[in-house]
Amino acid sequence: MKGLLIKDYHLITQKKSAMIYYIFIAILFSFAINGFMATAYLTMLGGFLSFNTLAYDEAENGYPFLMSLPVTAKTYAIEKHLFSALLLGLFWICSVTLQGIFTAVRQGPGQFLSETASYSIYIPIFYTLISIMIPIELKFGLEKSRIVLLVFTGGLMAIFFIGASIIGSLPSDLSDLLPNLSDIPSSLIVAALLLLDVIIIAVCIACSIHIMEHKEY
Amino acid sequence: MIEIENLKKSYGDFTLDISLKVSDGSVTGLIGKNGAGKSTVMKAILGLIRPDSGTVRVLGKEARSLTAKDKEALGTALADSGFSQYLRVEEVIHILRNMYPAFDEEAFRRQCQTLELPLNKQIKEFSTGMRAKFRVLTAISHNAKLLILDEPTAGLDILARNEILNMLRSYLEADPGRSILISSHISSDLEGLCDDLYMIDKGKLLLHEDTDRILGNYGIIKLSESDYGRLDREHLIAAKRESFGYTCLTNEKQYYLDNYPHIIVENGSIDSVMLLLLGGKEE
(Lines give C-alpha, C1' and ligand atoms only; values in the text may rest on other atoms or scores of the structure.)
Protein backbone atom coordinates (compact mmCIF):
# COMPACT_ATOMS: atom_id res chain seq x y z
CA MET A 1 0.00 0.00 0.00
CA LYS A 2 2.76 2.44 0.97
CA GLY A 3 4.62 1.78 -2.29
CA LEU A 4 1.46 2.47 -4.31
CA LEU A 5 0.80 5.71 -2.42
CA ILE A 6 4.36 6.82 -3.14
CA LYS A 7 3.95 5.88 -6.80
CA ASP A 8 0.81 8.01 -7.05
CA TYR A 9 2.48 10.88 -5.21
CA HIS A 10 5.31 10.85 -7.75
CA LEU A 11 2.83 10.64 -10.63
CA ILE A 12 0.89 13.75 -9.56
CA THR A 13 4.10 15.69 -9.00
CA GLN A 14 4.86 15.26 -12.72
CA LYS A 15 2.35 18.09 -13.22
CA LYS A 16 4.16 20.64 -11.04
CA SER A 17 3.87 23.55 -13.47
CA ALA A 18 0.16 22.86 -14.01
CA MET A 19 -0.40 22.74 -10.26
CA ILE A 20 1.28 26.12 -9.77
CA TYR A 21 -1.02 27.50 -12.46
CA TYR A 22 -4.12 26.02 -10.75
CA ILE A 23 -3.09 27.47 -7.38
CA PHE A 24 -2.58 30.85 -9.03
CA ILE A 25 -6.14 30.60 -10.42
CA ALA A 26 -7.40 29.73 -6.92
CA ILE A 27 -5.69 32.80 -5.48
CA LEU A 28 -7.33 34.91 -8.19
CA PHE A 29 -10.72 33.40 -7.28
CA SER A 30 -10.12 34.31 -3.65
CA PHE A 31 -9.42 37.92 -4.51
CA ALA A 32 -11.90 38.44 -7.30
CA ILE A 33 -14.90 36.26 -6.41
CA ASN A 34 -15.07 34.69 -2.97
CA GLY A 35 -13.54 32.10 -0.66
CA PHE A 36 -16.27 29.52 -1.26
CA MET A 37 -15.51 29.42 -4.95
CA ALA A 38 -11.75 29.15 -4.40
CA THR A 39 -12.15 26.37 -1.80
CA ALA A 40 -14.51 24.44 -4.07
CA TYR A 41 -12.09 24.85 -6.96
CA LEU A 42 -9.01 23.66 -5.07
CA THR A 43 -10.79 20.78 -3.30
CA MET A 44 -12.20 19.57 -6.60
CA LEU A 45 -8.75 19.90 -8.13
CA GLY A 46 -7.26 17.64 -5.44
CA GLY A 47 -9.90 15.03 -6.21
CA PHE A 48 -9.36 15.16 -9.94
CA LEU A 49 -5.57 15.02 -9.64
CA SER A 50 -5.83 11.84 -7.59
CA PHE A 51 -8.32 10.42 -10.10
CA ASN A 52 -5.86 11.21 -12.87
CA THR A 53 -3.39 8.65 -11.45
CA LEU A 54 -5.73 5.97 -12.82
CA ALA A 55 -5.08 7.30 -16.30
CA TYR A 56 -1.32 7.06 -15.72
CA ASP A 57 -1.72 3.45 -14.53
CA GLU A 58 -3.84 2.53 -17.52
CA ALA A 59 -1.62 4.28 -20.07
CA GLU A 60 0.74 2.09 -22.07
CA ASN A 61 -0.79 -1.09 -20.68
CA GLY A 62 0.53 -0.44 -17.17
CA TYR A 63 -1.86 -2.70 -15.25
CA PRO A 64 -0.24 -6.11 -15.96
CA PHE A 65 3.05 -4.90 -14.49
CA LEU A 66 1.42 -3.08 -11.57
CA MET A 67 -0.54 -6.19 -10.64
CA SER A 68 2.64 -8.28 -10.70
CA LEU A 69 4.12 -6.08 -7.98
CA PRO A 70 3.60 -7.09 -4.33
CA VAL A 71 0.05 -5.73 -4.18
CA THR A 72 -3.31 -7.43 -4.41
CA ALA A 73 -6.28 -6.26 -6.45
CA LYS A 74 -8.04 -5.33 -3.19
CA THR A 75 -5.08 -3.26 -1.95
CA TYR A 76 -4.89 -1.44 -5.28
CA ALA A 77 -8.59 -0.52 -5.19
CA ILE A 78 -8.47 0.63 -1.56
CA GLU A 79 -5.30 2.63 -2.23
CA LYS A 80 -7.02 4.56 -5.03
CA HIS A 81 -9.86 5.61 -2.71
CA LEU A 82 -7.45 6.36 0.15
CA PHE A 83 -5.16 8.44 -2.06
CA SER A 84 -8.17 10.44 -3.28
CA ALA A 85 -9.26 11.08 0.30
CA LEU A 86 -5.75 12.16 1.31
CA LEU A 87 -5.25 14.47 -1.65
CA LEU A 88 -8.72 15.93 -1.47
CA GLY A 89 -8.26 16.55 2.27
CA LEU A 90 -4.82 18.08 1.74
CA PHE A 91 -6.07 20.44 -0.96
CA TRP A 92 -9.05 21.39 1.19
CA ILE A 93 -6.78 22.20 4.15
CA CYS A 94 -4.50 24.26 1.88
CA SER A 95 -7.42 26.20 0.39
CA VAL A 96 -9.04 26.80 3.78
CA THR A 97 -5.68 28.06 5.12
CA LEU A 98 -5.43 30.34 2.11
CA GLN A 99 -8.93 31.68 2.75
CA GLY A 100 -8.08 32.06 6.43
CA ILE A 101 -5.19 34.34 5.59
CA PHE A 102 -7.30 36.43 3.17
CA THR A 103 -10.29 36.68 5.50
CA ALA A 104 -8.14 37.49 8.53
CA VAL A 105 -6.45 40.29 6.61
CA ARG A 106 -9.74 41.67 5.26
CA GLN A 107 -12.25 41.14 8.07
CA GLY A 108 -10.46 39.78 11.14
CA PRO A 109 -9.99 36.18 12.38
CA GLY A 110 -13.51 35.82 13.88
CA GLN A 111 -15.19 35.95 10.49
CA PHE A 112 -12.94 33.20 9.09
CA LEU A 113 -13.73 30.77 11.92
CA SER A 114 -17.47 31.12 11.32
CA GLU A 115 -16.98 30.40 7.60
CA THR A 116 -14.76 27.31 8.01
CA ALA A 117 -17.67 25.05 8.96
CA SER A 118 -19.50 25.90 5.75
CA TYR A 119 -16.35 25.24 3.65
CA SER A 120 -16.27 21.66 4.95
CA ILE A 121 -19.36 20.81 2.86
CA TYR A 122 -17.05 20.39 -0.16
CA ILE A 123 -15.24 17.37 1.31
CA PRO A 124 -18.20 14.94 1.28
CA ILE A 125 -19.54 16.35 -2.01
CA PHE A 126 -16.31 15.98 -3.99
CA TYR A 127 -15.15 12.80 -2.27
CA THR A 128 -18.45 11.13 -3.10
CA LEU A 129 -18.13 12.28 -6.70
CA ILE A 130 -14.58 10.89 -6.98
CA SER A 131 -15.62 7.68 -5.18
CA ILE A 132 -18.32 7.13 -7.81
CA MET A 133 -15.90 7.89 -10.65
CA ILE A 134 -13.17 5.46 -9.50
CA PRO A 135 -15.07 2.15 -9.98
CA ILE A 136 -16.51 3.44 -13.27
CA GLU A 137 -13.00 4.17 -14.55
CA LEU A 138 -11.69 0.82 -13.25
CA LYS A 139 -14.51 -1.03 -14.99
CA PHE A 140 -14.68 0.80 -18.31
CA GLY A 141 -11.25 2.36 -18.74
CA LEU A 142 -10.46 5.99 -19.42
CA GLU A 143 -12.24 6.47 -22.75
CA LYS A 144 -15.45 4.53 -22.13
CA SER A 145 -15.79 5.82 -18.54
CA ARG A 146 -16.33 9.37 -19.85
CA ILE A 147 -19.39 8.21 -21.76
CA VAL A 148 -20.61 6.14 -18.81
CA LEU A 149 -20.20 9.15 -16.49
CA LEU A 150 -22.19 11.35 -18.87
CA VAL A 151 -24.98 8.76 -19.02
CA PHE A 152 -24.83 8.33 -15.23
CA THR A 153 -25.04 12.09 -14.57
CA GLY A 154 -27.84 12.45 -17.12
CA GLY A 155 -29.71 9.60 -15.45
CA LEU A 156 -29.38 11.17 -12.00
CA MET A 157 -30.63 14.52 -13.29
CA ALA A 158 -33.55 12.85 -15.04
CA ILE A 159 -34.52 11.01 -11.83
CA PHE A 160 -34.26 14.27 -9.87
CA PHE A 161 -36.44 16.28 -12.27
CA ILE A 162 -39.00 13.51 -12.74
CA GLY A 163 -39.19 13.07 -8.96
CA ALA A 164 -39.62 16.81 -8.45
CA SER A 165 -42.31 17.06 -11.11
CA ILE A 166 -44.19 14.06 -9.62
CA ILE A 167 -44.15 15.64 -6.17
CA GLY A 168 -45.19 19.00 -7.68
CA SER A 169 -48.13 17.44 -9.52
CA LEU A 170 -49.50 15.57 -6.48
CA PRO A 171 -52.94 16.71 -5.23
CA SER A 172 -52.53 19.06 -2.25
CA ASP A 173 -54.01 16.54 0.24
CA LEU A 174 -51.39 13.92 -0.85
CA SER A 175 -48.44 16.30 -0.86
CA ASP A 176 -49.41 17.35 2.68
CA LEU A 177 -48.57 13.78 3.74
CA LEU A 178 -44.95 14.30 2.72
CA PRO A 179 -42.78 15.61 5.56
CA ASN A 180 -42.14 19.31 5.45
CA LEU A 181 -38.32 19.74 5.42
CA SER A 182 -38.55 22.95 7.47
CA ASP A 183 -40.10 20.95 10.33
CA ILE A 184 -37.13 18.56 10.55
CA PRO A 185 -34.18 19.71 12.67
CA SER A 186 -31.24 20.68 10.40
CA SER A 187 -28.83 18.55 12.44
CA LEU A 188 -30.95 15.48 11.64
CA ILE A 189 -30.93 16.31 7.91
CA VAL A 190 -27.14 16.77 7.97
CA ALA A 191 -26.69 13.47 9.86
CA ALA A 192 -28.97 11.64 7.40
CA LEU A 193 -27.10 13.11 4.41
CA LEU A 194 -23.73 12.18 5.92
CA LEU A 195 -24.95 8.64 6.58
CA LEU A 196 -26.16 8.38 2.99
CA ASP A 197 -22.79 9.70 1.87
CA VAL A 198 -20.88 7.10 3.91
CA ILE A 199 -23.09 4.34 2.48
CA ILE A 200 -22.50 5.53 -1.11
CA ILE A 201 -18.72 5.72 -0.54
CA ALA A 202 -18.63 2.27 1.10
CA VAL A 203 -20.60 0.79 -1.83
CA CYS A 204 -18.20 2.48 -4.30
CA ILE A 205 -15.14 1.06 -2.52
CA ALA A 206 -16.73 -2.41 -2.45
CA CYS A 207 -17.49 -2.08 -6.19
CA SER A 208 -13.88 -1.04 -6.93
CA ILE A 209 -12.54 -4.06 -5.03
CA HIS A 210 -14.97 -6.40 -6.81
CA ILE A 211 -14.05 -4.98 -10.23
CA MET A 212 -10.30 -5.28 -9.62
CA GLU A 213 -10.59 -8.82 -8.23
CA HIS A 214 -12.47 -9.98 -11.33
CA LYS A 215 -10.52 -8.02 -13.90
CA GLU A 216 -8.21 -9.73 -16.39
CA TYR A 217 -5.24 -8.01 -17.95
CA MET B 1 8.58 -23.05 -8.58
CA ILE B 2 5.91 -23.16 -11.29
CA GLU B 3 3.53 -25.98 -12.15
CA ILE B 4 0.97 -25.60 -14.90
CA GLU B 5 -1.34 -28.53 -15.48
CA ASN B 6 -3.67 -28.63 -18.47
CA LEU B 7 -4.13 -24.88 -18.54
CA LYS B 8 -6.82 -23.88 -21.01
CA LYS B 9 -7.66 -20.32 -21.93
CA SER B 10 -9.59 -19.20 -24.99
CA TYR B 11 -9.74 -15.83 -26.70
CA GLY B 12 -12.03 -16.08 -29.72
CA ASP B 13 -10.40 -18.49 -32.17
CA PHE B 14 -7.22 -18.83 -30.10
CA THR B 15 -7.00 -21.51 -27.42
CA LEU B 16 -4.04 -21.99 -25.13
CA ASP B 17 -3.72 -25.56 -23.94
CA ILE B 18 -0.49 -26.28 -22.11
CA SER B 19 1.24 -27.98 -19.21
CA LEU B 20 4.60 -26.69 -18.02
CA LYS B 21 6.97 -26.99 -15.08
CA VAL B 22 9.83 -24.81 -13.84
CA SER B 23 11.92 -26.57 -11.21
CA ASP B 24 13.86 -24.96 -8.36
CA GLY B 25 17.20 -23.64 -9.55
CA SER B 26 16.48 -24.04 -13.23
CA VAL B 27 16.13 -21.70 -16.19
CA THR B 28 13.28 -22.57 -18.49
CA GLY B 29 12.76 -21.00 -21.86
CA LEU B 30 9.46 -20.49 -23.62
CA ILE B 31 9.88 -20.10 -27.31
CA GLY B 32 7.45 -19.60 -30.15
CA LYS B 33 6.62 -17.19 -32.90
CA ASN B 34 4.55 -14.05 -32.30
CA GLY B 35 1.02 -14.89 -31.18
CA ALA B 36 1.99 -18.43 -30.11
CA GLY B 37 0.68 -17.84 -26.58
CA LYS B 38 3.88 -17.05 -24.66
CA SER B 39 2.53 -13.88 -23.05
CA THR B 40 -0.73 -15.64 -22.13
CA VAL B 41 1.29 -18.28 -20.26
CA MET B 42 3.18 -15.50 -18.44
CA LYS B 43 -0.07 -13.75 -17.54
CA ALA B 44 -1.56 -16.98 -16.20
CA ILE B 45 1.52 -17.50 -14.01
CA LEU B 46 1.23 -13.96 -12.66
CA GLY B 47 -2.47 -14.46 -11.92
CA LEU B 48 -3.45 -11.75 -14.39
CA ILE B 49 -5.96 -13.96 -16.21
CA ARG B 50 -8.42 -16.60 -15.05
CA PRO B 51 -7.86 -20.00 -16.66
CA ASP B 52 -10.93 -21.58 -18.27
CA SER B 53 -9.70 -24.85 -16.79
CA GLY B 54 -6.57 -26.43 -15.37
CA THR B 55 -4.32 -25.29 -12.55
CA VAL B 56 -1.46 -22.81 -12.34
CA ARG B 57 0.62 -23.07 -9.18
CA VAL B 58 3.43 -20.63 -8.39
CA LEU B 59 5.67 -21.03 -5.34
CA GLY B 60 3.29 -23.75 -4.12
CA LYS B 61 0.14 -21.60 -4.35
CA GLU B 62 -2.61 -21.09 -6.88
CA ALA B 63 -1.46 -18.16 -9.03
CA ARG B 64 -4.54 -15.98 -8.49
CA SER B 65 -4.32 -16.51 -4.70
CA LEU B 66 -0.81 -15.12 -4.33
CA THR B 67 -0.63 -12.57 -1.51
CA ALA B 68 1.39 -9.36 -1.62
CA LYS B 69 3.99 -11.10 0.58
CA ASP B 70 4.19 -14.04 -1.86
CA LYS B 71 4.70 -11.65 -4.77
CA GLU B 72 7.79 -10.19 -3.09
CA ALA B 73 9.54 -13.40 -4.18
CA LEU B 74 8.73 -12.72 -7.85
CA GLY B 75 10.63 -10.48 -10.20
CA THR B 76 8.82 -9.50 -13.37
CA ALA B 77 9.83 -7.88 -16.63
CA LEU B 78 7.05 -7.71 -19.20
CA ALA B 79 7.56 -6.80 -22.83
CA ASP B 80 4.84 -4.17 -23.12
CA SER B 81 4.13 -3.14 -19.55
CA GLY B 82 6.08 -1.42 -16.80
CA PHE B 83 6.22 1.58 -14.51
CA SER B 84 4.69 4.77 -15.91
CA GLN B 85 7.09 6.31 -18.38
CA TYR B 86 6.64 9.67 -16.72
CA LEU B 87 8.52 8.45 -13.65
CA ARG B 88 12.24 8.97 -13.16
CA VAL B 89 14.62 6.21 -12.01
CA GLU B 90 15.12 8.07 -8.72
CA GLU B 91 11.35 7.97 -8.14
CA VAL B 92 11.17 4.28 -9.03
CA ILE B 93 13.91 3.63 -6.46
CA HIS B 94 11.73 5.38 -3.87
CA ILE B 95 8.77 3.19 -4.85
CA LEU B 96 10.75 -0.07 -4.85
CA ARG B 97 12.29 0.77 -1.46
CA ASN B 98 8.78 0.97 -0.02
CA MET B 99 7.42 -2.01 -1.92
CA TYR B 100 10.10 -4.67 -1.40
CA PRO B 101 11.68 -5.13 2.05
CA ALA B 102 14.64 -6.89 0.38
CA PHE B 103 15.24 -4.15 -2.21
CA ASP B 104 19.00 -3.70 -2.57
CA GLU B 105 19.19 0.02 -3.24
CA GLU B 106 22.96 0.20 -3.20
CA ALA B 107 23.32 -2.54 -5.83
CA PHE B 108 20.52 -0.99 -7.89
CA ARG B 109 22.22 2.41 -7.96
CA ARG B 110 25.55 0.78 -8.78
CA GLN B 111 23.98 -1.14 -11.66
CA CYS B 112 22.28 2.02 -12.95
CA GLN B 113 25.70 3.61 -13.13
CA THR B 114 27.22 0.57 -14.87
CA LEU B 115 24.37 0.36 -17.37
CA GLU B 116 24.41 4.14 -17.89
CA LEU B 117 20.83 4.65 -16.77
CA PRO B 118 20.44 8.29 -15.68
CA LEU B 119 18.65 8.62 -12.33
CA ASN B 120 16.92 11.91 -13.09
CA LYS B 121 15.60 11.26 -16.56
CA GLN B 122 12.02 10.18 -17.20
CA ILE B 123 11.73 6.61 -18.49
CA LYS B 124 10.01 7.92 -21.64
CA GLU B 125 13.30 9.61 -22.59
CA PHE B 126 15.16 6.27 -22.49
CA SER B 127 16.11 4.35 -25.61
CA THR B 128 14.58 0.89 -26.22
CA GLY B 129 17.75 -0.76 -24.91
CA MET B 130 17.83 1.40 -21.77
CA ARG B 131 14.18 0.59 -21.02
CA ALA B 132 14.79 -3.14 -21.43
CA LYS B 133 17.82 -3.03 -19.13
CA PHE B 134 15.87 -0.99 -16.60
CA ARG B 135 12.98 -3.51 -16.63
CA VAL B 136 15.31 -6.44 -15.98
CA LEU B 137 17.26 -4.51 -13.35
CA THR B 138 13.99 -3.77 -11.54
CA ALA B 139 13.07 -7.47 -11.62
CA ILE B 140 16.37 -8.65 -10.12
CA SER B 141 16.73 -5.85 -7.56
CA HIS B 142 14.90 -7.39 -4.62
CA ASN B 143 16.31 -10.87 -4.12
CA ALA B 144 13.44 -12.58 -5.97
CA LYS B 145 13.36 -16.38 -5.98
CA LEU B 146 11.71 -16.54 -9.38
CA LEU B 147 12.00 -14.28 -12.39
CA ILE B 148 9.25 -14.11 -15.00
CA LEU B 149 10.70 -12.44 -18.07
CA ASP B 150 8.57 -11.88 -21.13
CA GLU B 151 10.69 -11.06 -24.19
CA PRO B 152 13.34 -9.16 -22.18
CA THR B 153 15.68 -8.87 -25.16
CA ALA B 154 13.18 -8.14 -27.94
CA GLY B 155 14.21 -5.36 -30.32
CA LEU B 156 17.69 -4.97 -28.83
CA ASP B 157 21.09 -5.00 -30.50
CA ILE B 158 23.58 -7.73 -29.68
CA LEU B 159 25.45 -5.60 -27.11
CA ALA B 160 22.33 -4.69 -25.15
CA ARG B 161 21.13 -8.31 -25.30
CA ASN B 162 24.46 -9.48 -23.99
CA GLU B 163 24.33 -7.01 -21.10
CA ILE B 164 20.90 -8.30 -20.12
CA LEU B 165 21.98 -11.94 -20.36
CA ASN B 166 25.02 -11.17 -18.20
CA MET B 167 22.77 -9.57 -15.60
CA LEU B 168 20.69 -12.74 -15.54
CA ARG B 169 23.76 -14.97 -15.23
CA SER B 170 24.98 -12.89 -12.26
CA TYR B 171 21.55 -13.14 -10.69
CA LEU B 172 21.64 -16.95 -11.00
CA GLU B 173 25.19 -17.25 -9.69
CA ALA B 174 24.29 -15.37 -6.51
CA ASP B 175 21.92 -18.15 -5.36
CA PRO B 176 21.65 -21.60 -6.99
CA GLY B 177 18.06 -21.95 -5.79
CA ARG B 178 16.82 -19.14 -8.03
CA SER B 179 14.77 -19.91 -11.13
CA ILE B 180 13.87 -18.07 -14.30
CA LEU B 181 11.09 -18.51 -16.82
CA ILE B 182 12.03 -16.54 -19.89
CA SER B 183 10.18 -16.16 -23.16
CA SER B 184 11.83 -15.07 -26.35
CA HIS B 185 11.75 -15.50 -30.06
CA ILE B 186 15.53 -14.97 -30.22
CA SER B 187 16.75 -18.53 -29.88
CA SER B 188 20.45 -17.74 -29.45
CA ASP B 189 19.63 -15.89 -26.22
CA LEU B 190 17.94 -18.99 -24.84
CA GLU B 191 20.56 -21.49 -26.03
CA GLY B 192 23.21 -20.08 -23.73
CA LEU B 193 20.96 -19.56 -20.73
CA CYS B 194 18.21 -22.17 -20.46
CA ASP B 195 18.31 -25.65 -18.97
CA ASP B 196 15.19 -26.70 -20.80
CA LEU B 197 12.89 -25.30 -23.44
CA TYR B 198 9.19 -25.35 -24.17
CA MET B 199 8.37 -24.68 -27.80
CA ILE B 200 4.79 -23.61 -28.40
CA ASP B 201 2.72 -22.74 -31.43
CA LYS B 202 -0.92 -21.65 -31.72
CA GLY B 203 -1.32 -22.22 -27.99
CA LYS B 204 -0.15 -25.86 -28.13
CA LEU B 205 3.06 -27.43 -26.88
CA LEU B 206 5.22 -28.61 -29.78
CA LEU B 207 8.25 -29.75 -27.86
CA HIS B 208 9.69 -29.86 -24.36
CA GLU B 209 13.32 -30.78 -24.25
CA ASP B 210 16.57 -30.11 -22.36
CA THR B 211 18.63 -27.50 -24.20
CA ASP B 212 21.70 -29.73 -24.04
CA ARG B 213 19.79 -32.54 -25.72
CA ILE B 214 18.58 -30.25 -28.52
CA LEU B 215 22.11 -29.02 -29.14
CA GLY B 216 23.74 -32.45 -28.68
CA ASN B 217 21.28 -35.05 -29.96
CA TYR B 218 19.09 -33.22 -32.42
CA GLY B 219 20.24 -32.98 -35.99
CA ILE B 220 19.12 -31.74 -39.37
CA ILE B 221 19.38 -34.26 -42.19
CA LYS B 222 19.42 -33.03 -45.78
CA LEU B 223 18.93 -35.67 -48.41
CA SER B 224 17.64 -36.37 -51.90
CA GLU B 225 14.24 -37.86 -52.59
CA SER B 226 15.70 -41.29 -53.33
CA ASP B 227 17.81 -41.26 -50.12
CA TYR B 228 14.73 -40.17 -48.18
CA GLY B 229 12.87 -43.19 -49.56
CA ARG B 230 15.60 -45.56 -48.30
CA LEU B 231 16.03 -43.85 -44.88
CA ASP B 232 14.91 -45.49 -41.64
CA ARG B 233 12.43 -42.88 -40.41
CA GLU B 234 11.96 -44.23 -36.92
CA HIS B 235 13.96 -41.43 -35.31
CA LEU B 236 12.68 -38.58 -37.45
CA ILE B 237 10.49 -36.03 -35.75
CA ALA B 238 9.60 -33.90 -38.77
CA ALA B 239 10.37 -33.68 -42.47
CA LYS B 240 10.00 -30.84 -44.92
CA ARG B 241 9.96 -31.13 -48.69
CA GLU B 242 12.56 -28.95 -50.38
CA SER B 243 13.64 -28.31 -54.00
CA PHE B 244 16.57 -30.73 -53.61
CA GLY B 245 14.63 -33.42 -51.72
CA TYR B 246 13.94 -33.37 -47.97
CA THR B 247 15.13 -31.68 -44.80
CA CYS B 248 14.45 -33.84 -41.75
CA LEU B 249 14.67 -33.32 -38.02
CA THR B 250 15.92 -36.11 -35.81
CA ASN B 251 16.45 -36.41 -32.07
CA GLU B 252 18.95 -39.25 -32.63
CA LYS B 253 21.62 -37.56 -34.73
CA GLN B 254 24.26 -40.16 -33.87
CA TYR B 255 22.12 -43.04 -35.19
CA TYR B 256 22.07 -41.49 -38.67
CA LEU B 257 25.74 -40.48 -38.53
CA ASP B 258 26.67 -44.07 -37.71
CA ASN B 259 24.32 -45.83 -40.14
CA TYR B 260 24.21 -43.42 -43.09
CA PRO B 261 27.75 -42.02 -43.45
CA HIS B 262 27.05 -40.61 -46.92
CA ILE B 263 24.19 -38.28 -45.92
CA ILE B 264 24.55 -34.76 -44.54
CA VAL B 265 23.68 -34.44 -40.83
CA GLU B 266 24.01 -30.95 -39.36
CA ASN B 267 23.97 -30.11 -35.66
CA GLY B 268 20.59 -29.09 -34.36
CA SER B 269 19.85 -25.61 -33.11
CA ILE B 270 16.75 -24.13 -31.57
CA ASP B 271 16.03 -22.17 -34.75
CA SER B 272 16.35 -25.20 -37.02
CA VAL B 273 14.24 -27.34 -34.68
CA MET B 274 11.58 -24.65 -34.56
CA LEU B 275 11.60 -24.11 -38.31
CA LEU B 276 11.11 -27.80 -38.98
CA LEU B 277 8.55 -28.36 -36.26
CA LEU B 278 6.51 -25.41 -37.50
CA GLY B 279 7.04 -25.93 -41.20
CA GLY B 280 7.54 -29.65 -41.59
CA LYS B 281 5.09 -32.54 -41.53
CA GLU B 282 5.24 -34.73 -38.45
CA GLU B 283 6.74 -38.18 -39.02
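Residue numbering restarts at 1 for every chain, and letters A, B, ... go by the order of the sequence lines.
Using a 4.5 Å cut-off between heavy atoms, K74(A) does not touch chain B at all. Proximity to chain B is absent for every atom of L5(A), based on heavy atoms less than 4.5 angstrom apart. With a 4.5 Å cut-off on non-hydrogen atoms, K9(B) touches chain A through its side chain but not through its backbone. Heavy atoms of R64(B) lying under 4.5 Å from chain A belong exclusively to its side chain. Contact of L74(B) with chain A is not made at all, since no heavy-atom distance falls under 4.5 Å. Proximity to chain B involves both the backbone and the side chain of E60(A), based on heavy atoms less than 4.5 angstrom apart. If you measure heavy-atom distances from Q85(B) to chain A, the contacts under 4.5 Å come from both the backbone and the side chain.
With salt bridges taken as basic N to acidic carboxylate O contacts below 4.0 Å, one links D8(A) and K80(A). With respect to E143(A) and R146(A), a salt bridge is recorded, a charged nitrogen being found less than 4.0 Å from a carboxylate O. Under the 4.0 Å criterion applied to side-chain N and carboxylate O atoms, E5(B) and K21(B) are not assigned as salt-bridge partners.
In the model, D189(B) has a side-chain atom that pairs as donor or acceptor with a side-chain atom of T153(B) under 3.5 Å. Judged purely by distance below 3.5 Å, without hydrogens or angles, the side chains of H142(B) and D104(B) never pair a donor atom with an acceptor atom. Using a 3.5 Å distance cut-off with no hydrogens or angles, the side chains of Y217(A) and N61(A) do not pair a donor with an acceptor.
By number of non-hydrogen pairs under 4.5 angstrom with chain A, the leading residue of A73(B), G47(B), G82(B), S84(B) is G82(B). Of all the listed residues (H94(B), R88(B), K43(B)), the one sharing the greatest number of non-hydrogen pairs under 4.5 Å with chain A is H94(B). Of the listed residues R135(B), R97(B), K69(B), E91(B), the one with more heavy-atom pairs under 4.5 angstrom with chain A than any other is E91(B). Of the listed residues I148(B), L46(B), L78(B), the one with more heavy-atom pairs under 4.5 angstrom with chain A than any other is L78(B). Ranked by heavy-atom pairs shorter than 4.5 Å toward chain B, the options K215(A), K2(A), E213(A) are led by K2(A). For the set E72(B), Q122(B), M42(B), R50(B), the entry with the most heavy-atom pairs within less than 4.5 Å of chain A is R50(B).
K8(B) meets the salt bridge (Lys or Arg N to Asp or Glu O under 4.0 Å) test with D17(B); sequence neighbours excluded.
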Let me see the working for R57(B) and E62(B) under salt bridge (Lys or Arg N to Asp or Glu O under 4.0 Å), right down to the final yes or no.
CA-CA 4 Å; R57(B) 295 183 71 79; E62(B) 205 275 315; over 6 Å; no
- Query: S26(B) and D195(B): side-chain hydrogen bond (donor to acceptor under 3.5 Å, both in side chains), yes or no, with the steps?
  - Reply: CA-CA 6 Å; S26(B) 74; D195(B) 298 307; 4.7 Å; no
- request: Mind running side-chain hydrogen bond (donor to acceptor under 3.5 Å, both in side chains) on T75(A) and T72(A) for me, showing each step along the way?
  value: CA-CA 5 Å; T75(A) 315; T72(A) 59; 2.6 Å; yes
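F126(A) has its ring centre no less than 6.0 Å from the ring centre of Y41(A).
Between F48(A) and F51(A), the angle of the ring planes goes over 60°, which puts this pair in the perpendicular group of the 30/60° scheme.
Residues of residues 176-184 of chain B placed with any heavy atom under 4.5 Å of a heavy atom in chain A are absent; none qualify.
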